[in-house]
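A short write-up of the structure that comes next.
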Amino acid sequence: MALSFEHLHRNLFCLISLSSLLILSLFHPIAANPAAKSYIVYMGKSTKEQGDIEAAKLSHLTLLSSVIPSEESERLFLKHIYHHSFKGFSAMLTEEEASILSESNEILSIFPDQKLELHTTRSWDFLAESTSGMARIQRLYPNGSSEVIIGVIDTDFGFGFGFGFGFSEIPSRWKGTCMQGNDFNKSDCNSAGYYDLNSSSKDTSKSNSTGSPRDQQGHGTHVASTAVGNLIPNADLQGRLARGLAKGGFPSSRIASYKVCSTGTDCAGSVILKAFDDAIEDGVHIISVSIGAVSHAKFLEDPIALGSLHAVQAGIMVIAAAGNAGPNPYTVLNTAPWIMTIAASTIDRDFGSSIVLGNKKVIQGFSINLSTVNRSESFPLVFGRDVAINSSSVAAASNCATGSLDENKVDGKIILCIEDKDFANVTRLEKVVTAITAQAQGIILVDKATYRSFPLDSGEFSFSQVDNIAAAQILKYINSTKNPTAIILPSVDIRKFTPAPTIPDFSARGPGNLTEGILKPDLTAPGVNILASVQPSDGNGGFSMGNSTQLAIQTGTSMACPHVSGAVAHMISLRPKWTPSMLRSALMTTAIITNNAGKPITNESEAFASPHEMGAGEVSPSRALHPGLVYETSTTDYLNFLCYFGYNTTVLRSMVDLKFTCPANSSEDLISDINYPSISIAKLRGARTITRTVTNVGRRNSNYTVKIESPGDLVVRVSPETLVFSPEHRKASFDVS
Ligand SMILES: *[C@@H]1O[C@H](CO)[C@@H](O)[C@H](O)[C@H]1NC(C)=O
Ligand SMILES: *[C@@H]1O[C@H](CO)[C@@H](O)[C@H](O)[C@H]1NC(C)=O
Ligand SMILES: *[C@@H]1O[C@H](CO)[C@@H](O)[C@H](O)[C@H]1NC(C)=O
Ligand SMILES: *[C@@H]1O[C@H](CO)[C@@H](O)[C@H](O)[C@H]1NC(C)=O
Ligand SMILES: *[C@@H]1O[C@H](CO)[C@@H](O)[C@H](O)[C@H]1NC(C)=O
Ligand SMILES: *[C@@H]1O[C@H](CO)[C@@H](O)[C@H](O)[C@H]1NC(C)=O
Ligand SMILES: *[C@@H]1O[C@H](CO)[C@@H](O)[C@H](O)[C@H]1NC(C)=O
Ligand SMILES: *[C@@H]1O[C@H](CO)[C@@H](O)[C@H](O)[C@H]1NC(C)=O
Ligand SMILES: *[C@@H]1O[C@H](CO)[C@@H](O)[C@H](O)[C@H]1NC(C)=O
Ligand SMILES: *[C@@H]1O[C@H](CO)[C@@H](O)[C@H](O)[C@H]1NC(C)=O
Ligand SMILES: *[C@@H]1O[C@H](CO)[C@@H](O)[C@H](O)[C@H]1NC(C)=O
Ligand SMILES: *[C@@H]1O[C@H](CO)[C@@H](O)[C@H](O)[C@H]1NC(C)=O
């Protein structure tokens with residue numbers, strides 16, 4: 001039996017360039033003392049004695065009273081208390097008070113409670129087709145197992161439609177509760193928790209629309225239904241697009257929902273940490289987080305990294321979105337090695353909106369058009385350059401920059417707007433508004449970089465987006481005739497679009513900002529134009545249970561993350577003994593790196609996507625069940641990682657129940673040595689040897705032989721070249737030089 005070690009050296013390369021990022025930190029509004037703001041206090045692992053929450057509260061309040069002056073006693077309260085698998089709390093403190101507290105032996109880290117951001121149907125079929133997997137799995141195991149629980153930390157999910165119904169027994173592992181709100185029946189739910197920004201426990205009592213687990217934002221519902229939505233026959237988008245069967249990844253798994261973003265996209269780190277604490281205690285198998293920090297906080301100052309570390313120790317796999325800040329390098333978030341970090345890819349469905357020119361030539365454009373109007377009339381067609389207002393430059397008008405168009409010349413026409421480098425700062429929405437203001441009938445936008453990744457919702461305004469080649473054809477036509485005209489046709493589905501998958505521009509890129517010793521992101525999954533449930537709105541800010549739109553298309557690494565959560569739920573039901581790191585390794589080493597045209601996966605510039613863009617490649621749920629060998633990453637590996645990163649033995653011993661000592665001579669350079677399923681070496685100079693250990697989960701007696709495809713001009717050697725496994729020898733190590 002031969003194993004290709006491809007994934008090893010594909011990821012082995014030399015990282016040298018550095019770029020800088022401008023990051024804004026957002027802090028909570030101030031309380032009585034204008035200098036006080038919300039802080040998170042992390043105190044390490046929870047000990048049995050601390051089980052008594054009242055005693056813990058008292059001890060935390062005593063600590064607080066040692067720094068908060070008595071005349072400001074209104075600040076003597078715990079916003080949140082963490083007490084299940086780790087200890088800590090959040091409170092309103094001044095910078096000075098926080099600095100004094102940080103000296104306390106009990107406190108491992110204290111950091112400002114930053115706001116985090118949400119990262120935003122054919123995708124499962126596409127995975128099945130490209131990997132011939134999911135469909136077969138669903139035939140083999142039509143009922144799956146309903147024992148796998150996915151904890152979704154998000155805006156929460158609505159239970160109105162498509163999933164969550166008809167389960168019998170609640171899994172015995174589950175220790176959580178089921179919430180009830182005034183618009184939310186207990187019978188509707190598997191489980192949902194919601195958090196008040198200031199309440200110290202999961203709230204079960206409020207009967208208030210803002211205190212309801214119902215999703216008022218749409219994001220959480222969409223994410224949850226992607227992971228586990230039950231089959232919804234004839235799903236479509238307002239009866240017009242994407243007709244077919246909408247299905248979540250693994251219909252039979254259950255969702256435990258933790259609503260951490262109460263108003264809009266406002267997700268506080270202290271609340272997220274609380275959700276982790278509860279989810280671990282509740283007994284979920286998987287935690288799916290489509291949220292990321294705004295800045296690159298260090299691991300002990302990042303609520304998602306901290307919560308995940310404790311989750312992984314409890315055997316829970318954490319899957320997180322890489323973020324939407326691409327395409328620049330160093331933008332990937334959630335980069336801790338105990339998190340599985342997911343980038344986004346396009347799928348093979350697109351939404352086309354063709355343009356018929358006066359000369360009958362049909363140009364392919366793209367837009368999502370929910371209008372029920374079948375066909376617009378023919379309108380005169382003009383190029384922005386030719387209809388500039390006197391006070392504006394021709395270049396500005398070509399780009400339809402604000403205030404550049406002469407209404408007298410645009411009124412009643414379809415306008416073509418291009419995108420020059422100098423005007424990259426003019427957003428598509430600005431162009432549309434400029435066209436509407438000038439009384440245009442419609443707009444044709446040239447926007448190569450984003451046209452496939454973000455469909456623009458232009459309301460009822462007629463709109464189509466084209467690439468540079470199409471734009472040149474349209475310009476040529478405009479030049480060729482006295483009275484150019486065009487029709488913008490309504491949107492239609494384009495199926496089997498090639499190439500797919502591709503990496504869209506928004507998907508955040510590696511290397512990681514904190515260290516380049518771990519390759520991030522880990523994996524890619526569909527995250528562009530994903531059709532899934534949203535909570536139907538009644539148009540008055542509330543929600544109707546009628547048959548208004550219940551499915552919507554959303555785009556973002558947030559949408560990619562639940563695809564992997566669904567795949568992992570399925571893997572867990574079939575491979576219940578695999579640990580989170582085995583599951584991750586299996587997904588990474590079986591990922592697909594070619595597109596549906598049989599070529600290497602490309603990025604938004606049509607260049608081959610690098611591992612910094614797609615990690616190990618596109619997820620393949622079925623192949624991941626048979627990885628042959630897996631790279632197990634242990635808690636000791638993670639602790640070594642933290643030592644290499646700069647934390648010391650004292651700090652790490654307070655975090656885990658393990659007799660652990662940092663290796664002597666810990667240095668950042670050694671991070672590449674932790675037993676991860678990819679290899680990344682920062683600033684490689686000269687020779688370097690890395691050791692990896694694999695565990696055989698395939699046939700018991702088998703030999704694996706290495707196959708090397710070196711990246712660039714690196715010379716790669718692997719020793720030994722053959723690994724021999726038997727029932728007695730399930731593990732083997734090798735060196736990569
Ligand atoms: C990493 O993030 C920090 C803070 O968010 C920023 O100051 C720094 O420039 C970033 N480094 C890189 C290489 O992007
Ligand atoms: C699936 O569930 C149905 C109804 O409960 C049952 O009749 C059927 O045997 C199950 N199929 C499998 C493969 O377990
Ligand atoms: C909740 O259940 C009650 C009793 O079954 C029913 O009368 C009510 O309409 C339900 N409410 C919602 C929002 O579904
Ligand atoms: C939380 O508490 C702070 C301090 O008392 C207060 O300023 C803030 O408005 C509260 N927030 C919520 C959502 O209740
Ligand atoms: C409902 O929410 C509003 C605004 O957040 C609050 O003022 C009100 O007291 C809440 N009502 C109940 C019954 O909790
Ligand atoms: C659009 O076309 C469909 C079928 O071709 C027709 O049933 C419908 O009435 C048309 N709608 C309008 C607004 O013309
Ligand atoms: C966009 O860039 C152009 C050219 O650099 C500049 O003139 C214009 O003011 C900018 N517009 C905005 C909205 O920043
Ligand atoms: C959709 O297409 C119709 C017919 O071409 C047009 O009238 C309408 O404005 C379009 N809407 C959008 C959002 O493009
Ligand atoms: C259109 O004509 C103008 C002037 O005649 C010329 O400058 C321009 O290059 C032509 N554009 C195209 C796309 O042919
Ligand atoms: C829901 O759909 C049914 C049948 O398709 C239709 O008769 C009914 O009017 C719709 N209700 C609403 C509230 O749209
Ligand atoms: C370990 O690190 C903590 C926090 O940086 C520091 O306070 C402590 O003195 C260090 N301990 C040792 C033994 O170096
Ligand atoms: C694996 O290699 C060993 C040693 O070279 C050999 O004895 C054994 O037969 C091989 N096993 C298989 C299954 O090929």
Side-chain angles (χ1 to χ4, degrees), residues 1-3 15-27 41-44 98-112 114-117 269 292-306 322-323 325-336 508-521 612 628-629 639 642-656 660-668 671 680 682-683 694 696 698-706 719-730 732 734:
M1 192 174 188
L3 165 82
L15 310 169
I16 21 176
S17 71
L18 286 177
S19 74
S20 63
L21 284 173
L22 248 183
I23 307 276
L24 291 174
S25 300
L26 305 169
F27 297 113
V41 179
Y42 171 67
M43 305 166 84
S99 158
I100 297 169
L101 278 184
S102 71
E103 302 292 317
S104 158
N105 283 339
E106 287 178 84
I107 293 176
L108 296 190
S109 62
I110 176 165
F111 51 97
Q114 298 200 9
K115 292 195 176 147
L116 285 80
E117 287 183 333
V294 179
S295 68
H296 299 273
K298 297 217 171 88
F299 301 105
L300 262 53
E301 288 157 27
D302 170 352
I304 295 180
L306 278 178
N328 287 334
Y330 300 100
T331 47
V332 62
L333 295 169
N334 298 322
T335 56
R509 311 285 150 110
N513 171 291
L514 297 176
T515 173
E516 299 186 19
I518 293 286
L519 182 76
K520 290 283 177 174
H612 283 147
L629 305 176
L639 296 176
L642 288 169
C643 297
Y644 301 153
F645 189 75
Y647 296 105
N648 64 31
T649 303
T650 323
V651 168
L652 298 181
R653 278 197 184 165
S654 311
M655 293 175 64
V656 291
F660 171 84
T661 306
C662 275
N665 309 322
S666 288
S667 82
E668 205 197 321
I671 288 175
S680 175
K683 307 180 186 74
V694 283
N696 180 19
R699 273 214 307 246
R700 282 161 174 222
N701 290 301
S702 40
N703 294 352
Y704 287 77
T705 304
V706 72
S719 164
E721 293 193 347
T722 299
L723 302 179
V724 179
F725 295 94
S726 66
E728 299 77 46
H729 293 102
R730 292 183 55 242
F734 56 89

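None of these values were measured; they are calculated from a predicted model. In each ligand, atom 1 is the first atom listed, and ligand 1 is the first ligand listed. The figures that follow rest on heavy atoms only: side chains count, while hydrogens, waters and symmetry mates do not.
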**Prompt:** What residues form a side-chain contact (heavy atoms from CB on, under 4.5 Å) with S666, not counting sequence neighbours?
**Reply:** C643, Y644, C662, P663
**Request:** Using modelled atom types only, decide if a donor and an acceptor are shared between the side chain of S109 and the backbone of L300 within a distance under 3.5 Å.
**Result:** yes
**Prompt:** Is a side-chain donor or acceptor of R700 paired with a backbone partner of F725 at a separation under 3.5 angstrom?
**Reply:** no
**Request:** Taking only heavy atoms of N513 into account, list the atoms of ligand 1 that are under 4.0 Å away from them.
**Result:** 1 (C), 2 (O), 3 (C), 8 (C), 10 (C), 11 (N), 12 (C), 14 (O)
**Fill in**
Sorted by chain and number, sequence neighbours left out, side chain to side chain donor-acceptor pair (under 3.5 Å) with T649 holds for none
**Item:** Min N/O separation S702 to ligand 12 under 3.5 Å
**Value:** no
**Prompt:** What residue among H612, H296, E516 forms side chain to side chain donor-acceptor pair (under 3.5 Å) with Y330?
**Reply:** E516
**Message:** I'd like to check which ligand 1 atoms, numbered from 1 as shown, lie under 4.0 Å from a non-hydrogen atom of Y330.
**Reply:** 13 (C), 14 (O)
**Item:** Any donor-acceptor N/O pair, T331 side chain to R509 backbone, under 3.5 Å
**Value:** yes
**Message:** Going by side-chain contact (heavy atoms from CB on, under 4.5 Å), name the residues that satisfy it together with S99, two or more places apart in sequence or in a different chain.
**Reply:** none
**Request:** Below 4.0 Å from any atom of ligand 11, which residues have a heavy atom? Give them in chain and number order, please.
**Result:** N648, T650, V651
